[in-house]
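Notes for the one structure printed next.
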Amino acid sequence: MEKLHNKILSEGRALNESVLKVDSFLNHGVDAKLMYEIGTCFREYFNSKGITKIFTIESSGIAPAVMTALQMNLPMVTLKKQTSKILNGEVYQTTVHSFTKGSDYELTLSKKYISENDNVLIIDDFLANGEAALGAIRLVEEAGAKVGGIGIVIEKSFQPGRKMLDDKGYDVYSLARIKKLGKDLIEFL
Ligand code: 5GP
């Protein structure tokens, strides 16, 4: 997606060889118009795949996910990051290791927002090691539902997440794929 590539090049900042800051339009400030166009791209790719619900992970996945849900006219659900386990039968939970914080959280989904008939599209802002996406997949599959696809705004293709999800047979569609990051360097695939 050319517009996203240009935005990353003009406003993104590589903190080091593995972390990209895009605070001005995706993770802190939000460029709503760009998010709307991101929603259009995801709709074009996933429209024919029988998706019934859009899932995302709080909080930076919400903006692209809500625009995708709007464009596809589907319900959207935000998976919550809880600090501890909830011991009742009303939620699905799984432990995820955070790439940016270096700590674990309990990814949480209320059972009332999923059924075994759902075919879920998971949307997230970044794909790095794939821990967040895998956590979301575990919750969907624990509920007996299907993962119909994974839509990523920025994939860091030099990290293992993409290959791992491909190897497991998931349909991953990323709007920007980064080959290399470094000081003052952002290179796309
Ligand atoms: P993963 O679970 O794939 O290792 O990492 C994905 C999650 O970590 C995303 O939900 C995103 O919030 C965060 N993340 C991973 N890499 C980056 C990065 O380079 N920049 C920012 N801003 N967030 C990242």
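For the single chain, residues carry numbers from 1 onward in sequence order. Quick note: numbers below take in every heavy atom, side chains included, and nothing from hydrogens, waters or symmetry partners.
When Leu175, Leu127, Leu26, Asp125 are each tested for a side chain to side chain contact (heavy atoms under 4.5 Å, CB included) with Ile154, only one passes: Leu26. Between Arg138 and the choices Leu107, Thr94, Thr95, Leu109, the side chain to side chain contact (heavy atoms under 4.5 Å, CB included) rule is met once, by Thr94.
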**Request:** Apply side chain to side chain contact (heavy atoms under 4.5 Å, CB included) to the pair Gln93 and Lys85, showing each step before the final yes or no.
**Result:** CA-CA 7 Å; Gln93 278 192 315; Lys85 287 228 179 270; 3.8 Å; yes

**Prompt:** Does the pair Phe55 and Thr78 meet the rule for a side chain to side chain contact (heavy atoms under 4.5 Å, CB included), with working shown?
**Reply:** CA-CA 6 Å; Phe55 276 22; Thr78 304; over 6 Å; no

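With hydrogens and angles left out, the side-chain atoms of Asn119 and Thr52 include no donor and acceptor closer than 3.5 Å. Counting only N and O atoms by type, the side chains of Asn27 and Ser60 include a donor and acceptor under 3.5 Å apart. Remark: the Glu106 side chain and the Thr108 side chain contain no N/O donor-acceptor pair separated by less than 3.5 Å.
A salt bridge links Glu155 and Arg162; the closest N-O separation between the charged side-chain nitrogens and carboxylate oxygens is under 4.0 Å. Taking 4.0 Å as the cut-off between side-chain N and carboxylate O, Asp23 and Lys21 count as a salt-bridged pair.
Transitive grouping of hydrophobic side chains (ILVMFWY, heavy atoms separated by less than 4.5 Å) brings Ile8 and Tyr36 into a common cluster.
Summarising the local packing, NZ of Lys80 is surrounded by 12 or fewer heavy atoms from other residues, nucleotides or ligands at distances under 6.0 Å.
Remark: Lys111 qualifies as a cation-pi partner of Tyr92 under the 6.0 Å distance and 45° angle criteria applied to the six-membered ring. Judged by the 6.0 Å distance and 45° axis criteria, Lys49 is positioned over the aromatic ring of Tyr45.
Phe188 pairs by the ring pair (Phe, Tyr, Trp, His ring centres under 6.0 Å) definition with His5, not counting sequence neighbours.
Taking 4.5 Å as the limit, some side-chain heavy atom of Ile123 sits within range of a side-chain heavy atom of Ile54.
Ring geometry for Tyr173 versus Phe46: interplanar angle over 60°, hence perpendicular rather than tilted (30 to 60°).
Other cluster members for Val19: Leu15, Phe99, joined by side-chain heavy-atom distances under 4.5 Å among Ile, Leu, Val, Met, Phe, Trp and Tyr.
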